[in-house]
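Data first, discussion second: the structure below is written as structure tokens.
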Amino acid sequence: MLKAWKWYQHCLSSHPVKTQIVSSGILWGIGDIGAQYITHSTATNRLPKSQNVGVEFKINWKRVAITSMFGFGYVGPVGHFWYEGLDRFIRLRFRLQPKSPRFVATKVAADGIIFGPFDLFVFFTYMGFSTGKNVAQVKEDVKRDFLPALILEGGVWPIFQVVNFRYVPVRYQLLYVNVLCLIDSAFLSWIEQQKDAPWKQWFTSFLPLKERGGEV
């Protein structure tokens, strides 16, 4: 493990953007495999025992590739410049002492208000178009999945980011997030695969009537 860590540090120093891209793509792919397994296990457990015997878990490698490409093409490069730029902007623009409570709180707020919602929007839009859906279908998917994911993640990510911005050096902050994305990618893939699950209706019930298609 020590050799692997030193090798990663060397790669990060020599090729920071490339290293972030590769690590993000790998972790998001692994996360999608986890999401597929969770979805399979949940569906199997709902079946009667007489029907779930012999139901084997098979990885959908096409879906893994699609999700992994999101890590390669978006999370890695965008995340690298976001965390580097956010730290520099907060320090220079607001003149706050690094690691201070106000410094950390400002970064957490900016990350949650700006990057978090944008990240979710890009993810669900990308997943829709990458599976061959048209604009109207992608729009419906985003309306269905965005709010539940935003609310559920909004209650967890700020806690993780407080730890990240307070204790993790800037150059390793995306690595910290990427490790957590091993779980987050599984969660988002699971959200996307749940389609019109009944529990999602609880979130959309708060939308205005016309936004819910005129439902009574």
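Bear in mind the structure is a predicted one, so any value in this text is a computation, not a measurement.
- Residue Asn134 holds its CG atom at 12.0 Å from NZ of Lys139, rounded to the nearest 0.5 Å.
- Val108 and Ile159 are members of different hydrophobic clusters when ILVMFWY side chains are connected at heavy-atom separations under 4.5 Å.
- With hydrogens and angles disregarded, a donor-acceptor distance shorter than 3.5 Å links the side chain of Tyr176 to the backbone of Phe160.
- There is a path of hydrophobic side-chain contacts, each under 4.5 Å, that joins Phe123 to Val135.
- In terms of heavy-atom proximity, Ile21 sits nearest to Pro77 at CG1-CD, 3.5 Å.
- With hydrogens and angles disregarded, a donor-acceptor distance shorter than 3.5 Å links the side chain of Ser68 to the backbone of Gly25.
- In this structure the side chain of Pro16 never reaches within 4.5 angstrom of the side chain of Arg171, judged on heavy atoms.
- Atoms CG and NZ, from Leu86 and Lys107 in turn, are 5.5 Å apart once rounded to the nearest 0.5 Å.
- Here CG of Asp145 is found 10.0 Å from CG of Leu120. Values are rounded to the nearest 0.5 Å.
- Using a 4.5 Å cut-off on side-chain heavy atoms (C-beta onward), Gln9 and Leu12 make no contact.
- In the displayed structure, Phe121 atom CZ is contacted under 6.0 Å by at most 12 heavy atoms of other residues, nucleotides or ligands.
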Decide side-chain contact (heavy atoms from CB on, under 4.5 Å) for Asp87 and Phe103; before the verdict, give the C-alpha distance in whole Å, the side-chain angles of both, and the deciding distance to 0.1 Å. CA-CA 9 Å; Asp87 185 83; Phe103 180 84; 3.3 Å; yes

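- There is a path of hydrophobic side-chain contacts, each under 4.5 Å, that joins Val179 to Trp28.
- Taking all atoms of both residues into account, the shortest heavy-atom contact from Pro117 to Leu150 is CG-CD1, 4.1 Å.
- Looking only at distances, a side-chain donor or acceptor of Ser130 sits under 3.5 Å from a matching main-chain atom of Met127.
- Taking a 6.0 Å sphere around OH of Tyr8, one finds it holds more than 12 heavy atoms contributed by other residues, nucleotides or ligands.
- For the pair Gln20/Glu84, no side-chain contact is recorded, criterion being any heavy-atom separation below 4.5 Å from C-beta on.
- Annotation for Leu92: atom CG counts as buried by contact number, over 12 foreign heavy atoms lying within 6.0 Å.
- In the hydrophobic clustering of this structure, Val177 groups with Tyr74; members are Ile, Leu, Val, Met, Phe, Trp, Tyr whose side-chain heavy atoms approach within less than 4.5 Å, directly or through other members.
- Side-chain contact between Val64 and Gln36 is present, with heavy atoms from C-beta onward closer than 4.5 Å.
- Although no hydrogens or angles enter the test, the distance criterion places a donor-acceptor pair under 3.5 Å between the side chain of Gln173 and the main chain of Val168.
- Rounding to the nearest 0.5 Å gives a distance of 9.0 Å between CG of Leu147 and CG of Leu152.
- Using a 30° and 60° split on the angle between ring planes, Tyr83 and Phe165 fall in the tilted class, from 30° to 60°.
- By the rule that hydrophobic residues join a cluster once side-chain heavy atoms approach within less than 4.5 Å of another member, Val170 and Val78 end up as members of separate clusters.
- When only modelled atom types and interatomic distance are considered, Asp141 and Gln137 share no side-chain donor-acceptor pair under 3.5 Å.
- Residues Trp7 and Lys3 are not in side-chain contact: their nearest non-hydrogen atoms beyond the backbone lie 4.5 Å or more apart.
- No donor-acceptor distance shorter than 3.5 angstrom exists from the side chain of Ser14 to the backbone of Cys11, with no hydrogens or angles considered.
- Note: Phe94 and Phe89 have perpendicular aromatic rings, judged against thresholds of 30 and 60 degrees for the angle between ring planes.
- Taking NZ from Lys143 and CZ from Phe124, the interatomic distance works out to 15.0 Å, rounded to the nearest 0.5 Å.
- Environment of CZ in Phe129: crowded, with over 12 heavy atoms of neighbouring residues, nucleotides or ligands closer than 6.0 Å.
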Step-by-step side-chain contact (heavy atoms from CB on, under 4.5 Å) determination, Trp157 to Asp111: CA-CA 10 Å; Trp157 268 107; Asp111 188 73; 5.7 Å; no

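- Taking both residues in full, the closest heavy atoms of Gly71 and Ser24 are given as O-CB, 3.4 Å, listed atom of the first, atom of the second, then distance.
- In this structure, Ser23 OG and Leu174 CG are separated by 6.5 Å, a value rounded to the nearest 0.5 Å.
- Counting all heavy atoms, side chain and backbone alike, Val142 lies closest to Thr125 at CG2-OG1, 3.8 Å.
- Looking only at side-chain heavy atoms (C-beta outward), Met69 and Tyr126 come within less than 4.5 Å of each other.
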